[in-house]
Amino acid sequence: MPVLWLFLIVLALAAIGFIAGRMRVTSAGGKRPHSLPNYYGWNVAMKVMVPAYLALVVWLLAQPFLVNSQVVGMLGDRAVPEGSTIGLVMSDVRRVADGLDATVAQGLMTSEEANSIRTEFTDVRDRLGEAGVALGSNVSSEVLSAAQTYRTLNATGNFWMSTVVILLAVGGLAWGITQSHGSFRARNSVETGVRIILLSAAMLAILTTIGIVLSLVGNTWHFFQIYPASKFFGSFTWSPSFGGGSELGIWPLLWGTLYISIIALIVAVPIGLFAAVYLSEYAGPRMRAWAKPLLEVLAGIPTIVYGLFALLTVGPLLLSVFGRDGLGWMQAGTAVMTAGLVMGIMLIPFVSSLSDDIINSVPQSLRDGSYGLGATQSETIKQVILPAALPGIVGAVLLAASRAIGETMIVVFGAGAAARLSLNPFDAMTTVTAKIVSQLTGDADFASPEALVAFALGMTLFIITLGLNVFALYIVRKYREQYE
Amino acid sequence: MTDATSQGGARPSGPSTRLTAADSRTKKRNASEKRFRAYGLAAIGTGLFFLVVLLTSIISNGSTAFMQTFIEVPVYLDPEALDPNGNRDPADISKVSTFGYNPLIQNAVFEQVQDKGIATDYEDAGDMKALISASAAAQLRDRVIANPDLIGETVDFQILASSRVDGYLKGRVGRDSITQDRNIDAGHLDIVDALREDGTVHKSFNFAFITGADASESRPEQAGLGVSMLGSFFMMLVVLFLALPIGVAASIYLEEFAPQNKFTDFIEVNISNLAAVPSIVFGILGLAAFIQFAHLPQSAPLVGGLTLTLMTLPTIVISTRASLKAVPPSIRDAALGVGASKMQSVFHHVLPLAMPGILTGTIIGLAQALGETAPLLLIGMVGYIATNYPEGVISGFMSPNSAMPAQIYEWAKRADPAYYERAWGGIIILLVFLLVMNVIAIVLRRKFERRW
Amino acid sequence: ARDNVQVAGSSTVLPYASIVAEAFGENFDFPTPVVESGGSSAGLKRFCEGVGENTIDIANASRAIRAGEVETCAANGVTDIIEVRIGYDGIVFASQQTGPEFTAFEPSDLYNALAEQVLVDGELVANPHTTWADFNGDLPDVEIAAFIPGTKHGTREVFEEKVLLQGCEDTGAMEAMVAGGMSEDDAEDACMAVRTDGKSVDIDGDYTETLARIDSNPNGIGVFGLAFYENNTDKLKVATMSGVQPTTETIAEGEYPVSRPLFFYVKKAHIGVIPGLKEYAEFFVANEIAGPNGPLANYGLVSDPELADTQSKVSNEETMGSNM
Amino acid sequence: MYDAPLRKTDVEANEIKISAKDVQVFYGDNHAIKDVSVELQDKTVTAFIGPSGCGKSTFLRCLNRMNDTIDVCRVEGLIALDGEDIYDKRVDPVQLRAKVGMVFQKPNPFPKSIYDNVAYGPRIHGLAKNKAELDDIVEKALRRGAIWNEVKDRLHAPGTGLSGGQQQRLCIARAVATEPEVLLMDEPCSALDPIATAQVEELIDELRTNYSVVIVTHSMQQAARVSQKTAFFHLGNLVEYGETSQIFTNPVDSRTESYITGRIG
Amino acid sequence: MYDAPLRKTDVEANEIKISAKDVQVFYGDNHAIKDVSVELQDKTVTAFIGPSGCGKSTFLRCLNRMNDTIDVCRVEGLIALDGEDIYDKRVDPVQLRAKVGMVFQKPNPFPKSIYDNVAYGPRIHGLAKNKAELDDIVEKALRRGAIWNEVKDRLHAPGTGLSGGQQQRLCIARAVATEPEVLLMDEPCSALDPIATAQVEELIDELRTNYSVVIVTHSMQQAARVSQKTAFFHLGNLVEYGETSQIFTNPVDSRTESYITGRIG
Ligand SMILES: Nc1ncnc2c1ncn2[C@@H]1O[C@H](COP(=O)(O)OP(=O)(O)OP(=O)(O)O)[C@@H](O)[C@H]1O
Ligand SMILES: Nc1ncnc2c1ncn2[C@@H]1O[C@H](COP(=O)(O)OP(=O)(O)OP(=O)(O)O)[C@@H](O)[C@H]1O
Ligand SMILES: [Mg+2]
Ligand SMILES: [Mg+2]
Ligand SMILES: O=P([O-])([O-])[O-]
């Protein structure tokens, strides 16, 4: 039975369960049930779906493994040609099996035929080709018989899967319905379920973090085995070279990241905040309806466009003012300033839109309180509304800062690729992120420190931002305890 | 001035101060009010100004991509070349490769030139190659294979002009610049000028740019964004249907239910930290987790969508939490007081009030996901990929595809300047896509906005 | 089961691979191969991840695979690799079409302009040159501004070895360094060190970025691939190197010195499993594609004079390490 | 002394509905309720009186665990409803609050329509089988809240657009709509004019026939009028608890006496 | 500069501080105030009484243009402060509100510390030259608000953590700290116990020596105790306005009479 069918059957059972559970309590009469009828419905539906779908998923994940190992055992080493692996033979087997399925499905072959054909008598590659299934080579008899076994095993597996899943669903249905009497705490049962769902959603963040750490840590380890950590963290020079003898000190990159992010935030936070304040406090509904989504377009423009904007427009513009013909501080159009400014523009909506929503949800009574004391609108905003909205605004600013740290394209185009420690904001610099990308997509030997350093950079940045976040949480907590 | 300690609390200026005539302090405060307001306006103005600058440069660079030069000629489908066996067997016909069709088209154009009596130094039909897109042969071949009966007839055929010819009509290629060009000569441009007079060569709206598939480096005139648009579409479906519910669920848990302990602090810090993880690192994760570990297909929008989901989640979580936090506690109290459960008070009252912020986070998160290239680089969605329309929904998620920003990024790197214009044109489409995507969210957000 | 050929790797090879893949898709019944970009290193890394459907079949590379990478491959079970050289990538020096007269360079000019240390009056000093005319009166008297590939690009290696090192030797700086007590290796490293005072700018992006830089700086000199230059002759003018004009012919004949070979690597174990894999590899190196008159050469690939050898290697599935 | 009419009072026979024993409440370090023990009777109106800030609201919020929502708040001691410890882990605060309804000191209507404000409780408790029944419940609740006449033409206007007193009556209507067994009212008449106050007092009296009502009030007269039992709080202590008539005519504690006699209200 | 205050208590001699003429207020279509004309005297306490929802708060909010913040609210007619039309385009509502302070019906402390809540007004109006002066002003205001003793040890705790009555007094303190010429108080004692009420009433009496006070109250006794003039509103109309003693003893309008005599509180 196709999985989709199974899925729909369980869904249908769940729907039936929902209605039945609901009906049972509504028709029972007598004392008012503990929970709303819908909760009894959901309770039954949950009991139908959760075990059945869980079993379905587990089965779907496990069956290929089991069938594979069965077929592999049957094939033995004999069937694996020189230079190939059992894995590849198996993918051939699967392809032939799928091909047979497709051929049968198209009516080009009966299913008995599919199970009985032999390579000696049929050109399987041709037959499958008719059904639009391309094979890389002719089919050996081992592969064909393995494919046939594969199909039978799968068919059996699918049969049992359907049986088990449907049984579970029916069982859940029965269980749920017997529970559906007035004194059962259906709402609590459903809410516990929902709570678990909410918790697992939050846990996904941890899974992601673990995933990131796992996918970085191996190569980082590798890197530190061939390149001393003391130099990575101790050196102030970043100069990779193919011939070996690279100096890979992280400090210039960290400095660049910090510098560019700060400039970006110096641009984005005031503009974003002022825009948010204006939108939520001063602007008429019409202006707000238009200006806010328009500003949000800034967040949607692909960063490559910003990169080009930095390179072609902002860089030359700054150069004409601060370059040789002007103040003489700037060597070339690409500089920390260029990248920071442009990144700041990109980040405006991150600050403005989010802050606008938060400011807008500050209760009107607080505004009234302040106006009633003869405060001007700006005083009210500065001293009452912004402090009240602060936790949310901090969130928005942190988000913008995070984005600034993670941004690549603008840095690549706007800041130049020079890794250096300098205080002059008109110098070219680069960031950790930009270097992760460039070292990862470069030409260096992938087992060389020049390529592996990307992982070490990623890991270090990850740990640093983690530290910053812990610090930010601490600060926010401390602040929050003061009010509220 | 003020004698605040004096009994009865004298004010600096007696009741006689007129409301319409401000004292110096009020003047100062009003000036600061005006300034503040002006800053706000200036901030919005600055933002919009940059938007306008960016949009004008995008549109001025990219609008030409929507027009394309075509050549309309009758082509004789020579049976000798196309069906040497003369049996109209589709299998045989498909053995003739595109290389077999090229001469037919070149002949057709050359005949047209001669019929119109256009004076030219070229003597060989092969010299017409410079005018014709390499895609023409494939187009013609497809048409013949689909309808073998056409063989032996003369069909009117609209072929794409080569990118240089197109560039000439759009002013990108000039007569002096082509002196260096190996691909086209002044003589060709003379022919183009003449053919344009009688309408054989004409520019018209290029639907294929919006609907078509990517083309190789040597055929910018054929390249379209349609397939990668579908790629983006399927990815965004994944992102929307995973990131939004998961993000909101996680935020609700953290903001409303989580007990204050080390573990939830850990989750909280993790989420904000994920926001600062460079997108390329999510690509590394996506490659490791979805392709190498879970054995999902490479270059598939499903994988791209999953990767972008992980990347977008923190944005949605952070904005959702911020707006949940902003809902006043009295609303929760009110609901709990009539016997609502915590869950009910959240879902019935708090969530709707936090909706504007959630939608904002969604808008920004999706915009970010829609425009992101770097993670796609590692899961195989950047390059020459978007060549085939997916067949059906499942293959839309599973078969190799690119995404709009990746396609644009790729075009921007390609050598032929014709691709430069297409890259900008692609950005226009991307922004339109984004706007369409956001309109629903924006309308919803306006519905949910209220003050209390 | 996957039924399309999956290719990943060098962005330098990508244009050629895309032209081949497109033609392959049009003329064969197999689906159009998927060609990803992402860099030689990343491509080879994924190539060496193992055998099986969830790994790629072909890695494009703008350099030969390294010994260490072959080892990693082997450790992951990727033992039989077919190396296919598809031709050469010419590396050229170009400037704004309407800019100063940069028409002829010697390696020594670039060395004098861009090296960290140069020889002035027999002394090794930190590079004092600010204009090209400072050291070569034939060159324009404009400020030095060079846009060279960043350290992620293989082109940088070629530039360092074939231009800077050569120039170092030509100017005698190398000799002076060795005489000054440096070991041969250190001297080579010193020769290839590029000045960091902003006269030489690393480009980590691609040639479009270099072009944009040149566009906004009339005095700029940039390093490009031949194919890129040939597609942008209206904006760029190319300089000769040691008196030789860079063209596909001069490079193929070995007269123009600055070039590098381009490769792709095929996982032999996948041949016969992934439909169309071998056909694609053969089609790539076929005469009508990779030959001197094929679309690849047309686009700027310097076709390999030994293409016939390569063709037979592919059709015999000769792997690396086996007798060639 | 005090001479407003005392409505009598069949206090004796009622069982104990809520009993509190040695209850302590802390807001962080602030010890807001100190060692309060009290037994509140069924079918009785109990008034909590005492100076502002003495802990009346705090103690009231303990009785249906509304204090759970305040992070810094910690409750110790035993509070039992019908003999069951309400702070027991197995107790579902939701069910508790469905039984023990609350009207808050500051009116807090939902930012929804007036109708939805009142219908919310009955909906989540499934008190109505259909729309008509729900309409009925809403109308009845609004009538009992003495606000029906003012809002019957604008049932679908937002509840936040009402006047202060109207909001307060809306909140009362919202609380009675769910038919709680115990109704906790924190100064329900503070924003009401005398007529509305009288109507609410009538409602309280009516409720008493079936339910228990606890009312916090600053008006001695009101306490005397509506309650059968009175508790006097002072600085977090329950100073005196007893028959209303006795408290007002013959207080035992000197603090009670001075609070009552210093009356102005 | 400023002359020493004249302490006058006799009502007759006082000039007119605020005069309203034909004021209409609409909330969207809802006609909340109909044709109200009234003249409020300086150095006088005027009480607004009337049933809940009759428009007292609405009218009060017109007097310092707090209604400007409600989108749907529209005010017509003339309101003048010291003879100047306050709805004149040239009038700065900020300056107006500095002169005409307000205590709201629902206490709305800022989510700041108690100290900052009170210091907020003096800070923005620049009433203190230095920290010591500001401390003085805050203390004095809190004392006048009759809350100093309760909060003097926790001046830097959040104002939102106070009890309902404490919040209300905090808001009164906050309003008097800016020394307005007219103070509008919307049920300032609704959440207060009798003693606190007495203290606030004392404050009102003290304020009257220099300023005008308008107070909305539901308590007839309170109106009678503190006010010299009383205005009775009914269904948006100003039914009767006059000397408090006259209104309470000898109302002209039958509606006033029935409202007063139907009194309970
Ligand atoms: N923001 C608003 N939007 C719409 N209608 C409103 C609003 N505020 C008040 N009203 C309506 O205007 C009328 C007068 O309200 P107002 O608040 O002035 O009454 P009030 O006399 O202060 O009553 P209370 O003593 O209950 O506070 C009422 O019918 C009320 O419902
Ligand atoms: N959320 C809170 N955080 C900290 N302290 C609080 C909080 N709520 C109340 N308090 C303090 O607890 C004490 C008792 O407050 P409660 O609200 O119970 O007083 P109350 O008797 O209801 O007074 P009122 O009649 O003014 O409403 C007061 O000192 C108050 O400041
Ligand atoms: Mg209270
Ligand atoms: Mg009111
Ligand atoms: O992409 P490359 O490896 O050729 O630089």
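Here the structure is a predicted model, which means the values were calculated and not measured. Within every chain, numbering begins at 1; the chains are lettered A, B, ... in the order of the sequence lines, protein sequences first and strands thereafter.
For D/P109, the part lying near chain B is the backbone, with the side chain staying farther off; criterion is any non-hydrogen pair under 4.5 Å.
A salt bridge (Lys or Arg N to Asp or Glu O under 4.0 Å) check over residues 99-113 of chain D, counting only residues at least two apart or in different chains, returns nothing.
In terms of heavy atoms, B/A334 sits closest to D/R174 at CB-NH2, 3.4 Å. Contact detail for D/P111 and B/L353: the closest heavy-atom pair is CG-CD2, 3.7 Å.
One finds the OG atom of B/S330 at 13.0 Å from the CD atom of D/Q105 (value rounded to the nearest 0.5 Å). Atom CZ of D/F104 and atom CG of B/D333 lie 4.5 Å apart (nearest 0.5 Å).
Listed by chain and residue number, B/A22 satisfy the side chain to side chain contact (heavy atoms under 4.5 Å, CB included) test with B/K27 (two or more places apart in sequence, or in another chain). Here D/Y115 pairs with D/S113, D/A119, D/R123, D/K131, D/L134, D/D135, D/V138, D/L155, D/H156 under the side chain to side chain contact (heavy atoms under 4.5 Å, CB included) rule; sequence neighbours left out.
Within 6.0 Å of CZ in B/F257 there are more than 12 heavy atoms belonging to other residues, nucleotides or ligands. Within 6.0 Å of CZ on B/R25 lie more than 12 heavy atoms contributed by other residues, nucleotides or ligands. Counted within 6.0 Å of NZ on D/K152, heavy atoms from surrounding residues, nucleotides or ligands total more than 12; the atom is thus considered enclosed.
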Q: List the steps, then state whether ring pair (Phe, Tyr, Trp, His ring centres under 6.0 Å) holds for D/Y120 with B/H349.
A: CA-CA 10 Å; D/Y120 180 70; B/H349 299 284; 4.3 Å; yes
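Using a 4.5 Å cut-off on side-chain heavy atoms (C-beta onward), B/V338 and D/P180 make no contact. Proximity of B/H348 to D/I124: side-chain heavy atoms (C-beta onward) are separated by under 4.5 Å at one or more points.
Residues of residues 52-85 of chain D lying under 4.5 angstrom from chain B, judged on non-hydrogen atoms, are D/R61, D/M66, D/T69 by number.
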